[in-house]
Peer 1: 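Take this structure first; my questions come after.
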Amino acid sequence: MNTIVMKFGGTSVAGTEKIRNIADIVIKEVKNNKIIVVLSAMAGETNKLQSFLDDFASQYSLESDLVLTSGEQVTIGLLSAQLKNKDIKSIPLLGWQIPIITDDNHEKAKILHIDNKRIEKFFEKNDVIVLAGFQGISLDGEITSLGRGGSDTTAVAIASSVGAERCDIYTDVDGVYTTDPNIDLNAKKIPKMSYEEMLEMASTGSKVLHTRSVELAMKNNLTLQVLSSLTKETGTFIVDEKELIEKEIVSGVSYSKNEAKVTISGILDKPGISAKIFSLMTENNINVDMIVQNISQDGISANITFTISQKDFDLTKSVIEQNRNSLNYKSLSLDKNVAKISVIGMGMMSQAGVAEKMFKTLAKNEINILAISTSEIKISVLIEEKHTNIAVKSLHEAYNL
Ligand code: ADP
Ligand code: ASP
Ligand code: MG
């Protein structure tokens, strides 16, 4: 018998009616397959848990992860109960019961190992394993979470570990679109795309899949399908680049409002200054994305601008301020009102003019570019947040998506 992994996101499990619906979807596959279902918490639940933690200003990661991962315990229990109501042999399991072993980086833990011998044992007496997404256990026995949206990664990791035949990610849209269908009604469903494209889309803000889940699927050459739990339509397949016959020059536009811009002005223009700034960021576990440096008019000092995730805003500010003497800068400014807009496509590697079209389109809409970064198959620009919608829509149109 084949094993298939079916992951259902927050909106698909938001309430008992929805859970009944997914029990029916699961039951259709039970006859011919061993099934591992991976669930998220009900939509909004993890946000609610986070707001309780914020209310206590809790900086205790052990407690934070314990609280944050509790929503999944509810949904797996309910689905398993409903499957049993329908005479399906099912067992609900938390991450530690498999176990899914992670490192101890709370709130962004990485999976180190999955012990699949236990899984075989569970299948001796059950047809369905209902597994809590988003969570694991560290080598020291602490409950960890994989970062927001991390249930996708649980699904891909478990599918890779057991050599699953399929990994289907059920969500509230029926596939991956050329841009977020919730902000541009002209967005079109992409039938098939490469891991690389999906990886760039996810990491630039298309949160339809957790970035690490795509990395892991690519590493293990596991085909993913993103589809809806409400319609019966075929979704989007995410596959190896070799399986794509035609490579779109631009296949999608994504945006992220989760960025903040940091500008340090009047630093000395001499070797070692950037190294010092970015070492500080690394030491404090702050991820830096786009970087722009320019010499100021006096030719002696320089300004450096870079972007960070908004969650690191306060930490970044205090780390730089605490090091004012050694960095010896004139002024520091941080700005949350920015957005990153990216265009992505495999065909970019062989086609010139993609960047030019992007810049011209933004210019025509009087949108100023604050920073630029590129990869082989992606161009990202930083703009003022208020222009996000118009930037996404006009680029979507400019590339005929
Ligand atoms: P789940 O709770 O099922 O994990 P998510 O909210 O994490 O669902 O992901 C689905 C959402 O991703 C959609 O509702 C949509 O707004 C958003 N999204 C962003 N970019 C895209 C895109 N390019 N294609 C499809 N959905 C996208
Ligand atoms: N419940 C978690 C979250 O909201 C994990 C997930 O949904 O993937 O981030
Ligand atoms: Mg998600």
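Keep in mind that what you see is a predicted model, and the values were worked out from it rather than measured. What's counted below: heavy atoms across the whole structure, side chains too, no hydrogens, waters or symmetry copies. In each ligand, atom 1 is the first atom listed, and ligand 1 is the first ligand listed. Positions are given from 1, in the same order as the sequence printed here.
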Peer 1: Please confirm whether R148 comes within less than 3.5 Å of ligand 2 when only nitrogen or oxygen atoms on both sides are compared.
Peer 2: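 Yes, since at least one N or O of R148 sits under 3.5 Å from an N or O of ligand 2.
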Peer 1: Step by step, would you call L227 with I169 a side chain to side chain contact (heavy atoms under 4.5 Å, CB included)?
Peer 2: CA-CA 6 Å; L227 71 174; I169 309 281; 5.7 Å; no
Peer 1: What's the verdict on side chain to side chain contact (heavy atoms under 4.5 Å, CB included) for L94 and I76, showing C-alpha distance, side-chain angles and the deciding distance?
Peer 2: CA-CA 8 Å; L94 295 169; I76 61 165; 3.9 Å; yes
Peer 1: Return yes or no for this condition: an N or O of D152 is under 3.5 Å from an N or O of ligand 2.
Peer 2: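 No, D152 has no N/O under 3.5 Å of an N/O on ligand 2.
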Peer 1: Applying salt bridge (charged side-chain N to carboxylate O under 4.0 Å, His left out), run through E259 and K336 and close with a yes or a no.
Peer 2: CA-CA 7 Å; E259 319 283 308; K336 280 187 187 170; over 6 Å; no
Peer 1: Counting distance only, does the side-chain N/O of N2 pair as donor-acceptor with the main-chain N or O of N33 below 3.5 Å?
Peer 2: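 The answer is no, because no donor-acceptor pair under 3.5 Å joins these two groups.
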Peer 1: Going by the angle between their ring planes, with limits at 30° and 60°, are F8 and Y170 parallel, tilted or perpendicular?
Peer 2: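 Because their plane-to-plane angle is under 30°, the rings of F8 and Y170 count as parallel.
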Peer 1: Which residue and atom name correspond to the protein heavy atom nearest atom 7 (O) of ligand 2, and how close is it?
Peer 2: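 Ranked first by proximity to atom 7 (O) of ligand 2 is S40 OG, 3.1 Å.
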Peer 1: Under 4.0 Å from a heavy atom of F134: which atoms of ligand 2 are those, numbered in the order shown and with their elements?
Peer 2: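 Counting from 1, the qualifying ligand atoms are 2 (C), 5 (C).
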Peer 1: Using the rule side-chain hydrogen bond (donor to acceptor under 3.5 Å, both in side chains), only one of T153, D152, T154 pairs with H210; which is it?
Peer 2: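 Output: one option passes, namely T153.
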Peer 1: Could you tell me the residue and atom name of the protein heavy atom closest to atom 6 (C) of ligand 2, and the distance to it rounded to 0.1 Å?
Peer 2: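 Here the nearest protein heavy atom works out to S151 OG, 3.3 Å.
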Peer 1: Which residue, K247, M349, E241, forms the side-chain contact (heavy atoms from CB on, under 4.5 Å) with I377?
Peer 2: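 Exactly one pass, corresponding to M349.
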Peer 1: Looking only at distances, can you tell me whether any N or O atom of G149, backbone or side chain, sits closer than 3.5 Å to an N or O atom of ligand 2?
Peer 2: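 Between G149 and ligand 2, an N or O pair is found under 3.5 Å apart.
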Peer 1: Pairing donors with acceptors under 3.5 angstrom, does anything connect the side chains of T69 and S145?
Peer 2: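 There is no such pair (donor and acceptor under 3.5 Å, judged by atom type) between the side chains of T69 and S145.
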Peer 1: Report each N/O pair between ligand 1 and the protein that falls under 3.5 Å, naming both atoms.
Peer 2:
unit_1   : atom_1 : unit_2 : atom_2 : d
ligand 1 : 2 (O)  : G10    : N      : 3.0
ligand 1 : 3 (O)  : T171   : OG1    : 2.6
ligand 1 : 4 (O)  : K7     : NZ     : 3.2
ligand 1 : 6 (O)  : K207   : NZ     : 3.0
ligand 1 : 7 (O)  : K207   : O      : 3.4
ligand 1 : 8 (O)  : T171   : OG1    : 3.1
ligand 1 : 14 (O) : D172   : OD1    : 2.9
ligand 1 : 14 (O) : D172   : OD2    : 3.2
ligand 1 : 14 (O) : N182   : ND2    : 3.3
ligand 1 : 16 (O) : D180   : OD1    : 2.9
ligand 1 : 16 (O) : D180   : OD2    : 3.4
ligand 1 : 16 (O) : N182   : ND2    : 2.7
ligand 1 : 23 (N) : Y177   : O      : 3.0
ligand 1 : 24 (N) : Y177   : N      : 2.9

Peer 1: Please verify whether a non-hydrogen atom of E72 lies at under 4.0 Å from ligand 2.
Peer 2: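 The answer is yes: ligand 2 sits under 4.0 Å from a heavy atom of E72.
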Peer 1: Could you verify whether a donor N or O on one side chain and an acceptor N or O on the other, from E366 and H387, lie under 3.5 Å apart?
Peer 2: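 Checked: E366/H387 side chains show no N/O donor-acceptor pair below 3.5 Å.
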Peer 1: Would you check whether G9 reaches within less than 4.0 Å of ligand 2, judged by its heavy atoms?
Peer 2: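 No; G9 lies far enough from ligand 2 that no heavy-atom distance drops under 4.0 Å.
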Peer 1: Counting neighbours of NZ on K189 that are heavy atoms of other residues, nucleotides or ligands and sit closer than 6.0 Å, is the number greater than 12?
Peer 2: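 Yes - once you tally the heavy atoms of other residues, nucleotides and ligands closer than 6.0 Å, there are more than 12.
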